[in-house]
Amino acid sequence: MVYYVNKALLSNNKVNMRRKLFIGVLLFALGIITMYAYQSRTENSSMEFYIGQEVSISGKILELERKDEKYYRILLKTGNCRILCSYFNELTDYEDLLFSKVTVCGTVSKPDESSNPRTFDYSSYLKSRGIHYVAVINQLEANHSAIKTYDRLRLYVFKKRESFIRRLCLSDKGEFFLKGVLFGDTSDFDENVYEEFRQNSTAHILAVSGLHLGVLYSLYKLIQKKKNNKFITILFLLTIVIYGTVTQWSVSVTRASVLIFLAVLGNETDRRYDLLTAIALIAAALLIYNPYVFLGAGFQMSFLAVTSIGFFTPYLERRTGSSLSGALAVQIGMIPYMIYNFNGISIIGLLTNIPVIYLVSLIVPIGVCSFFIFLLSGAIIPLFPSALDGLSKLTMGINHFISRFEIFYREIPSMKIWMLILIYGFMFLLSSEYFLICRSRKHYRKILISVLIICLLSFGGYLTDRKEFDRSSMVFLDVGQGDCLHIKSSRGVSILIDGGGNKNYNVGAKTLKPYLLKNGFNHVDLAIATHLHTDHYLGLEQLSECFDVEKVITEGKAGDRIELDNGDYIQVLYPFERIEGVDDENTNSMVFKVSVKGVTAMITGDITEIAEGQLVERYRETDTLKCDILKIAHHGSRYSSSDSFIDAVNPKVAVISVGKNNYGHPEQVVLDKLEKRGIEIFRTDYDGAVGIEIKKEKFTVHTWKDRK
């Protein structure tokens, strides 16, 4: 294979690399300083003093989303703070409140952090949007006269957007789909339909991104192909600004818009436009404005996609041609990230994107053109609604048809962050112009230095990634008001005892499955339910419907024993005999003694003092009940945890699996008993997941949340 290398580029390579390295180090240092300054500013906000209190707050509404007739989500800006408010009441003409100055009364709190290892962190997600507080408000008073002229224009455009969608008179699914494709608004989108798009790797069309603006830019270049018209250029840039305003200037829209502005500016001034330099500049600007934006999946995916185009497209064009190279570059670049962040990948993702992207390339110009005509004249061109409705139905139909072939979608456990860094480091290095130049000039030392830098960054990822729970042999998961213990044997055997459960929430699919995939598990060898109450068994049942669970056990009696490996075991201590036809399932709640690497834990389900007394009597002359760790029965109910039972177990540590509840769990009388005996208490509602790391028959307790 012959490579043609620019000689001028070769001669100036060293100077350019030094300049780029200097700029890179400077931007990195600036980013670190900005991060600390930003964090200090937000953490020292006056709002910190009102956490947990009901206060009156004045501010400006930046976003307003209607969930249903009596539930609204309001993004409020007050001073340097952004607060996401929930309002449970009716709002007449709620669209008129957008950008208004309001005074609200409510209780302020900090958003929930993730409570299980590596699972979704709502707090980080909100920080990526510049939101550090949440509130439940019960009063709202608006001052419409305080709206600024610019905000009035934004409000006019937003109301026109909503009116435009209604005037199209589409079917419900078509309306929700079009709001997603044209304006990035998926608030009303059916969850199952959205999941189909995600599994087919086509969900990106539902968030306005570079694809959408790229379609408009391609149309602009086609119009300007014969003659460069300044008026059309100005009109096009104005269109981009208005379109960005309509879509609330998401990260992907901001990135794509600035890239287009830079490309147009370069063309108008006859200056060279470099995609990777432009994307680095935009990323730096966004990070300086809000360093936490880096935590958002939108930022990560948007910039990763463009970076992949910049690195891979020149290489792919020589093999596939320009028509497919861009789409293929994005697909290749997104594969490791999709596995890491979403634990799934469509084997035929590229093929499914071809018809969907083609249809979107028709929907976007027709929809945007129709919207701008409506914005200026209030008229709907007769043919456009039927065309948009037909194209929308066709796109959803194709996507639904492809999603039925589940064989093409694979769920994959997350790789570690150090591995992700290593993969992308080598992918970008090997496809870079720098590598091509160094190889052609036989500067292998420079290539080796680049490899070492990538390995060093990967090692840094290894050191910073939280590892305590990776080493924990037992993890008491936070499943809300319920129990769940994950046992990891030394040879990779994965066992669950109880799985929580809630009739109004799919704990199996939304809590257990993400935890397992994010932490590298693709199956569960054995799932055991202490008894069949919802908060113990339902989560396991839900998990088995969407995850590989090899065996489920729901019944057992004293004497049953499950051998693991290296001498580890799970032994059933109770019930002595199962009682059939009982009204209260707690009567048959199993009690397990778990032994892992010489450390023992007592898992008590929901037994009462009666069962505890029977256990004490049965094993009085033995050490059977003695354990290092006691999972407190029935979430800390006053009807369990008798003095005699606690003394017989004599634990060093007590774990209470509990969530928000109306039962008063855990009772103070139970906590007092444990504290009186000097037993260290851990609670999943306060501490999140509780991990037990074992070394040489001694154990250390880790909590996912930091104790305040």
Side-chain angles (χ1 to χ4, degrees), residues 111-128 195 198-199 201 203 294-298 300-301 304 334-346 409-424 458 461-480 482 484-489 492-496 499-500 505-525 527 539-540 542-549 684 687-693 702-706:
D112 293 334
E113 301 174 349
S114 65
S115 56
N116 293 311
R118 296 189 176 90
T119 52
F120 176 70
D121 191 324
Y122 186 56
S123 175
S124 294
Y125 164 72
L126 290 184
K127 284 180 180 178
S128 73
E195 183 65 17
R198 190 187 68 80
Q199 290 190 2
S201 300
F294 178 76
L295 301 174
Q300 295 166 5
M301 294 176 68
L304 181 58
M334 294 304 296
I335 287 173
Y337 180 83
M338 296 298 288
I339 293 172
Y340 172 78
N341 204 48
F342 298 110
N343 301 115
I345 185 171
S346 173
Y409 181 75
R410 285 288 180 268
E411 288 182 334
I412 306 172
S414 292
M415 64 185 78
K416 296 291 189 289
I417 187 67
W418 65 265
M419 188 181 297
L420 188 71
I421 295 171
L422 205 63
I423 290 172
Y424 276 118
S458 178
Y462 170 78
L463 293 178
T464 55
D465 197 22
R466 197 163 188 170
K467 299 179 293 295
E468 296 94 339
F469 279 80
D470 295 335
R471 300 190 299 262
S472 296
S473 299
M474 290 185 278
V475 180
F476 294 88
L477 295 175
D478 179 11
V479 289
C484 184
L485 170 63
H486 183 210
I487 302 170
K488 300 178 282 183
S489 78
V493 176
S494 179
I495 298 173
L496 291 176
Y505 185 80
N506 194 324
V507 173
K510 296 183 178 180
T511 300
L512 298 181
K513 180 180 174 181
Y515 158 76
L516 291 164
L517 288 173
K518 289 291 183 185
N519 289 275
F521 296 92
N522 60 4
H523 75 285
V524 171
D525 295 280
L540 296 180
Q542 294 166 338
L543 179 66
S544 63
E545 293 172 354
C546 61
F547 196 72
D548 182 12
V549 180
T684 56
D687 300 309
V690 178
I692 311 298
E693 181 185 353
H702 303 292
T703 60
W704 186 249
K705 292 182 179 179
D706 294 327

For residues P117 and Y515, determine if any side-chain heavy atom of one lies less than 4.5 Å from a side-chain heavy atom of the other.
yes
Could you grab the distance from atom CD1 of I345 to atom CD1 of I335, nearest 0.5 Å is fine?
4.0 Å
CG of N519 to CG of D470: how many Å apart, nearest 0.5 Å?
6.5 Å
Is the closest side-chain heavy-atom distance between L512 and F547 below 4.5 Å?
no
Looking only at heavy atoms, which two atoms of V479 and G500 are closest? And how far apart?
CG2-CA, 3.7 Å
Shortest non-hydrogen contact from P514 to T119?
C-CG2, 4.4 Å
Within the 4.5 Å heavy-atom criterion, are F342 and M301 side-chain neighbours or not?
yes
Under 3.5 Å donor-acceptor, E693 side chain and F469 backbone
no
Output yes when a side-chain donor or acceptor of D687 lies under 3.5 Å from a complementary backbone atom of K705, and no otherwise.
no
Can you confirm whether D465 sits close enough to W418 that some side-chain heavy atom of one is under 4.5 Å from a side-chain heavy atom of the other?
no
What pair of heavy atoms forms the shortest contact from P111 to Y122, and how long is it?
CB-CD2, 3.9 Å
Counting only heavy atoms from other residues, nucleotides and ligands, does the tally under 6.0 Å from OH of Y125 exceed 12?
no
Nearest 0.5 Å, please: how far is CG in L295 from CD in Q300?
7.5 Å
Start with the C-alpha distance between K127 and D121, add both sets of side-chain angles, then the distance that settles salt bridge (Lys or Arg N to Asp or Glu O under 4.0 Å), and finish with yes or no.
CA-CA 10 Å; K127 284 180 180 178; D121 191 324; over 6 Å; no
I'd like to know if the side chain of Q542 reaches the main chain of N506, judged simply by a donor and an acceptor atom lying under 3.5 Å from each other, with no hydrogens or angles considered.
no
Please give me the minimum heavy-atom distance between S472 and K488, naming the atom from each residue.
O-CE, 2.7 Å
Drop me the distance from S473's OG to I692's CD1, to the nearest 0.5 angstrom.
9.5 Å
Please check: side-chain N/O of N341 versus main-chain N/O of A297, any donor-acceptor pairing under 3.5 Å?
no
For N116 and W704, which heavy atoms make the closest approach, and how far apart are they?
O-NE1, 3.4 Å
Considering all heavy atoms of both residues, which atom of Y409 and which atom of G344 are nearest to each other, and what is their separation?
OH-CA, 3.3 Å
Regarding S494 and H486, do their side chains bring together a donor and an acceptor under 3.5 Å, going by distance alone?
yes
Side-chain touch D706/E113, heavy atoms, less than 4.5 angstrom:
no
What distance separates N343 CG from M415 CE, expressed to the nearest 0.5 Å?
9.5 Å
Polar contact flag, side-chain donor to acceptor under 3.5 angstrom, S115-D478:
yes
Could you tell me whether F120 atom CZ has more than 12 heavy atoms of other residues or ligands within 6.0 Å of it?
yes
Any side-chain heavy atom of E411 within less than 4.5 Å of one from N522?
no
So do L496 and C484 actually touch side chain to side chain, heavy atoms under 4.5 Å?
yes
Evaluate the criterion side chain to side chain contact (heavy atoms under 4.5 Å, CB included) for residue pair L516 and L543; output intermediate values, then yes/no.
CA-CA 10 Å; L516 291 164; L543 179 66; 4.0 Å; yes
Distance check, rounded to the nearest 0.5 Å: K513 atom NZ versus E545 atom CD?
11.0 Å
Is the closest side-chain heavy-atom distance between T511 and Y505 below 4.5 Å?
yes
